[in-house]
Every structure is written in C-alpha cells, then in structure tokens.
Number of protein chains: 2
Amino acid sequence: MKTPDCSGHDHPNRPRAKLVNAEALERAARLFRALGEESRLRIVAALAQGEACVTELAQASEESLSTVSQRLRVLRAENIVVRRRQGKHINYALADAHVTELVFNALAHAGESQPRRKPANKS
Amino acid sequence: MKTPDCSGHDHPNRPRAKLVNAEALERAARLFRALGEESRLRIVAALAQGEACVTELAQASEESLSTVSQRLRVLRAENIVVRRRQGKHINYALADAHVTELVFNALAHAGESQPRRKPANKS
DNA sequence: CAAACACTTGAACAACTGTTCAAGTGAAGA
DNA sequence: TCTTCACTTGAACAGTTGTTCAAGTGTTTG
C-alpha cells in the first residue's frame with residue numbers, strides 16, 4: 001500500500017472525525033446496492049404507485065414469479081418493502097416514506113445531470 | 001416464463017402507466033449502484049464533510065492511491081463527485097445537494113430500521 | 001383430506017464488479 | 001529539459017451477484 005508524501009500541501013485543517021458510524025454506513029450501502037439494480041428499482045418504482053401482489057408485478061414486468069419473488073426478497077432484506085398476506089395473495093408495499101423520497105431524489109438527480117454532457121451554465 | 005392466472009382476485013384498478021421513463025430509471029439505478037459499495041460510500045461520506053484530494057482520501061482510508069482513484073472514477077461517471085485541479089493536486093467534492101441529501105436520507109433509513117429486529121411500537 | 005393456487009427457496013452457473021499491479025499522463029520544480 | 005509528484009488507466013484475477021429451475025411452503029377451495 002502506497003502512502004504518498006503529500007507534504008508541502010496546505011490541507012486546511014479538516015474535521016477528521018467520522019461523521020457517520022460504520023454500522024450505519026454499511027447498512028446504507030446495502031440499501032443503495034439493493035436499489036442499484038434496474039430490475040429491482042423498477043419494482044420499487046411500481047410500488048411507489050401503490051401496493052401490489054407478486055403476480056401483478058410479474059405480469060407488469062413480464063417476468064416469472066420466481067424472478068420477481070427473488071427480487072422482492074432482496075428488497076425485503078433491506079427493509080425497502082414490506083409484505084402483508086391478504087387471503088391467497090401477498091401484497092407488497094414500500095416500507096416507509098424514506099424509501100419513496102430516496103427514489104424520487106435519485107430520479108431527480110438522474111434527470112438533471114446527463115452523463116457525458118456538459119451542463120449548460122445556469123442563465 | 002410463467003404467467004399465472006390471478007383471476008378472481010379483486011385488484012383495484014391501479015394506474016398502470018409508467019410513472020418514470022426508462023432512461024431516468026436506468027440512470028437512477030446506476031447512481032444507486034455507485035453508492036451501493038461501502039468503500040465508495042465511505043468516500044462520499046468523507047466528501048460530505050468537505051472537499052479533499054486523492055492523497056488525503058487515500059490516507060484517511062489507508063488505501064492505495066490507485067484504489068481510491070478507481071473508486072472516484074466510478075463516482076465521477078455517475079456525476080456523484082466532481083474534480084478540480086489545484087496546482088499539483090486534484091480536489092474532489094460532491095457534485096450537488098441531491099447527492100448529499102441522498103446519502104443523509106439513506107443513513108436515516110439505515111439508522112432507524114434495524115434488519116432482523118421487530119421495531120418497538122411507537123409509544 | 002386432496003388439489004389448486006400463490007408464492008418462496010436453495011443451488012448452480014453465467015455475468016458482472018472490485019481490487020491490484022504495472023505502466024502512463026500531466027503539472028510543477030530543479 | 002529532466003525529474004518528481006500526484007494521480008489515472010488497462011488488464012487480469014478473484015469474489016460477488018442475478019437469473020433460472022426444480023422442489024417446497026402455506027392458504028384456500030372442492
């Protein structure tokens with residue numbers, strides 16, 4: 001592991017304390033990772049419009065039940081979605097408002113910052 | 001691909017239109033994915049406290065320059081961080097407020113919802 | 001109780017991704 | 001200009017992850 005000198009560089013005296021604890025950071029990373037797959041994010045976006053059962057989600061995305069179920073398992077492991085049995089069916093919904101905000105925030109960022117394109121200066 | 005019947009199930013007439021366009025969703029997924037690695041998220045969290053050069057980030061995390069640089073490359077590809085040359089050094093900073101919010105939001109979610117633990121009811 | 005329905009799960013394989021090393025680039029200083 | 005510093009990049013390997021299939025679970029209906 002290289003540790004370069006970097007001497008003579010006037011680093012301002014930055015606060016070097018950890019802003020966040022390691023455990024929260026790890027869980028946040030897992031949360032992001034779960035949302036970081038287009039197929040799963042599509043499910044989350046669908047659920048942002050209202051709860052749905054697995055069959056509905058499968059039909060909407062034209063995927064097999066198994067595939068959708070596996071994705072939901074990942075999402076559930078990170079508390080992104082919750083499930084609730086309703087007779088024969090199992091309905092899924094977003095776990096809380098944080099998730100919804102997270103998704104909208106990401107879509108906002110994605111919408112405004114085009115990759116590989118210099119943004120026009122704010123006139 | 002199995003398409004189960006799901007008949008006789010009274011699905012409320014859900015709005016089946018796409019809430020988000022496919023391109024934005026893909027970019028949002030890429031954004032989440034970039035943040036979904038603990039090592040990269042740690043860098044982002046560090047930059048949330050103020051900009052820093054690669055050497056600083058490497059020293060803080062006790063990693064090699066190369067490793068950190070590769071991570072920054074991924075973050076930069078998703079417009080999460082921006083860089084600015086300052087003489088010999090290249091300073092990195094978070095690209096915009098969206099990113100900061102995204103991270104704080106995720107940390108909030110991570111902090112409040114413990115995985116594998118039934119939350120106490122809000123007394 | 002048995003069958004059908006609506007999912008869930010484990011395992012296996014292919015595809016993807018992160019890390020590392022070695023070589024390369026560009027700016028600043030001798 | 002040559003060297004050094006600060007960083008970047010491509011390639012390769014190892015570890016991770018998503019998808020799929022086949023088998024399993026729990027609930028309702030006949």
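Chain A is the first sequence line, chain B the second, and so forth, proteins listed ahead of strands; every chain is numbered from 1.
- Atom CG of A/Leu75 and atom C1' of D/dT17 are 14 Å apart (whole Å).
- Rounded to a whole Å, the CD atom of A/Gln59 is 14 Å from the C1' atom of C/dC5.
- A salt bridge links A/Glu51 with A/Arg84: at least one charged nitrogen is closer than 4.0 Å to a carboxylate oxygen.
- One interatomic measurement links the two molecules: NZ of A/Lys88 to C1' of C/dT8, which rounds to 17 Å at whole-angstrom precision.
- Rounding to whole angstrom units, CD of residue A/Gln86 and C1' of D/dT28 are separated by 14 Å.
- Side-chain contact check for B/Phe32 versus A/Leu102: some heavy-atom pair is nearer than 4.5 Å.
- Using a 4.0 Å cut-off between a side-chain N of Lys or Arg and a carboxylate O of Asp or Glu, A/Glu63 and A/Arg71 qualify as a salt bridge.
- Atom pair B/Asn91:CG and C/dA27:P shows a separation of 16 Å (rounding to whole Å applied).
- Between B/Tyr92 and D/dT8 there is a side-chain N or O to OP1 or OP2 distance below 4.0 Å.
- Atom pair A/Glu63:CD and C/dT8:C1' shows a separation of 17 Å (rounding to whole Å applied).
- The residue among A/Ser66 and B/Arg40 whose nearest nucleotide of DNA chain C is located toward the 5' end is A/Ser66.
- Rounded to whole Å, the distance from CD on A/Glu38 to C1' on D/dT17 is 16 Å.
- Side-chain atoms of A/Val99 and B/His109, non-hydrogen and from C-beta on, do get closer than 4.5 Å to each other.
- A donor-acceptor distance shorter than 3.5 angstrom exists from the side chain of A/Arg40 to the backbone of A/Ala34, with no hydrogens or angles considered.
- Under 4.0 angstrom from either OP1 or OP2 of D/dT8 there lies at least one side-chain N or O belonging to B/Arg83.
- Atom CG of A/Leu65 and atom P of D/dA23 are 17 Å apart (whole Å).
- Contact check, B/Ser39 against C/dT19: a side-chain N or O comes under 4.0 Å of OP1 or OP2.
- On a pure distance criterion of 3.5 Å, a polar donor-acceptor pair joins the side chain of A/Gln70 and the base of C/dG10.
- The shortest distance between the side-chain N/O atoms of A/Thr67 and the OP1/OP2 oxygens of D/dT19 is not below 4.0 Å.
- Remark: A/Arg85 is not in phosphate contact with C/dA6, judged by side-chain N or O atoms under 4.0 Å from OP1 or OP2.
- Summary of the strand contacts: A/Arg73 and A/Arg33 both lie near DNA chain D, and taking for each the nucleotide with the nearest heavy atom, the more 5' one is attributed to A/Arg33.
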